[in-house]
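Below, all heavy atoms of this structure are taken into account, side chains as well, without hydrogens, waters or symmetry copies.
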Amino acid sequence: QVQLVESGRGLVQPGESLTLSCVASGVALDYYVIAWFRQAPGKEREGVSCISPYDEKAFYADSMKGRFTISSDSHKNTVHLRLNDLKPEDTAVYYCAYSVNAVPATGALIPQIYTAWGQGTQVTVSS
């Protein structure tokens, strides 16, 4: 059974950066995809980005391109999400999720295709 643990929560000021990490354990297959989603208070969960550590192919939601960077370390089953130039509207709980059915391309950031989720990590952007 795959388990995911996120880290990197924090309170930052607008314009600052933060790196979130997701460590996957119990992974048995070479090919899988790790995605990041976020959910702000009172809003639906939205996809941020995803990556396949096997070939490091990444995909970003259109609204997330430019400020966020996803990367992976397949040897450590770890995926990072670098958040740059953070804005108050980036305040949310960020979740990582695991799928063996996703492909880092359009349509990849649908929560229903992810079968394991982390507990979430809070990111608060405030002055």
Side-chain angles (χ1 to χ4, degrees):
Q1 183 176 359
V2 173
Q3 294 186 322
L4 305 175
V5 178
E6 301 105 335
S7 61
R9 67 187 299 151
L11 170 62
V12 298
Q13 295 188 347
E16 293 186 338
S17 299
L18 193 64
T19 297
L20 307 181
S21 298
C22 174
V23 179
S25 60
V27 175
L29 300 176
D30 289 335
Y31 184 85
Y32 59 93
V33 170
I34 297 291
W36 285 95
F37 292 82
R38 70 182 186 182
Q39 188 165 19
K43 294 188 177 181
E44 293 187 355
R45 189 168 298 188
E46 63 175 339
V48 177
S49 179
C50 65
I51 190 168
S52 54
Y54 178 79
D55 54 12
E56 298 190 30
K57 182 176 181 181
F59 176 79
Y60 297 86
D62 287 343
S63 60
M64 309 297 174
K65 292 179 180 177
R67 295 189 296 119
F68 297 169
T69 302
I70 195 168
S71 61
S72 66
D73 182 342
S74 61
H75 298 292
K76 297 181 180 179
N77 286 345
T78 301
V79 170
H80 305 287
L81 183 68
R82 177 71 173 175
L83 313 174
N84 294 318
D85 188 23
L86 282 161
K87 305 177 186 303
E89 52 265 38
D90 295 318
T91 295
V93 178
Y94 285 72
Y95 300 88
C96 63
Y98 166 94
S99 173
V100 296
N101 297 312
V103 176
T106 300
L109 297 176
I110 299 173
Q112 288 81 358
I113 62 176
Y114 291 85
T115 56
W117 292 79
Q119 79 286 356
T121 188
Q122 177 71 47
V123 173
T124 303
V125 185
S126 176
S127 55

Are [X] and [Y] grouped together when hydrophobic residues (ILVMFWY) are joined by side-chain heavy atoms under 4.5 angstrom apart?
| X | Y | value |
| --- | --- | --- |
| Val100 | Val2 | yes |
| Val93 | Val48 | no |
| Val79 | Tyr31 | no |

Does any non-hydrogen side-chain atom of [Y] lie less than 4.5 Å from one of [X]?
| X | Y | value |
| --- | --- | --- |
| Val125 | Leu83 | no |
| Thr69 | Tyr60 | yes |
| Ile51 | Trp36 | no |

_Run the side-chain contact (heavy atoms from CB on, under 4.5 Å) test against Arg67 and tell me which residues pass, sequence neighbours left out._
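Checked Arg67 against side-chain contact (heavy atoms from CB on, under 4.5 Å); matches are Asp85, Lys87, Asp90.
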*Check whether the side chains of Tyr98 and Asn77 place a donor and an acceptor atom closer than 3.5 Å, and report yes or no.*
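No, because no side-chain N or O of Tyr98 sits under 3.5 Å from a partner of the opposite role on Asn77.
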*Donor-acceptor contact present, side-chain Ser49 to main-chain Phe59, <3.5 Å*: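 Yes: the side chain of Ser49 pairs with the backbone of Phe59.
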_Gln39 side-chain N/O to Ala92 backbone N/O, donor-acceptor pair under 3.5 Å_ =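 Not confirmed, Gln39 side chain does not pair with Ala92 backbone.
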*Might you confirm whether atom CD of Gln1 has over 12 heavy atoms from other residues, nucleotides or ligands at distances under 6.0 Å?*
no
*Any pair with a residue in residues 50-127 that passes disulfide bond (SG atoms under 2.5 Å apart), sequence neighbours left out, goes on the list, sorted by first then second residue, please.*
Cys22-Cys96
*Which word best sums up how the rings of Tyr94 and Phe68 line up, parallel for under 30°, tilted for 30 to 60°, or perpendicular for over 60°?*
perpendicular
*Quick one: do Gln122 and Thr91 satisfy side-chain contact (heavy atoms from CB on, under 4.5 Å)? Show the steps, please.*
CA-CA 8 Å; Gln122 177 71 47; Thr91 295; 4.0 Å; yes
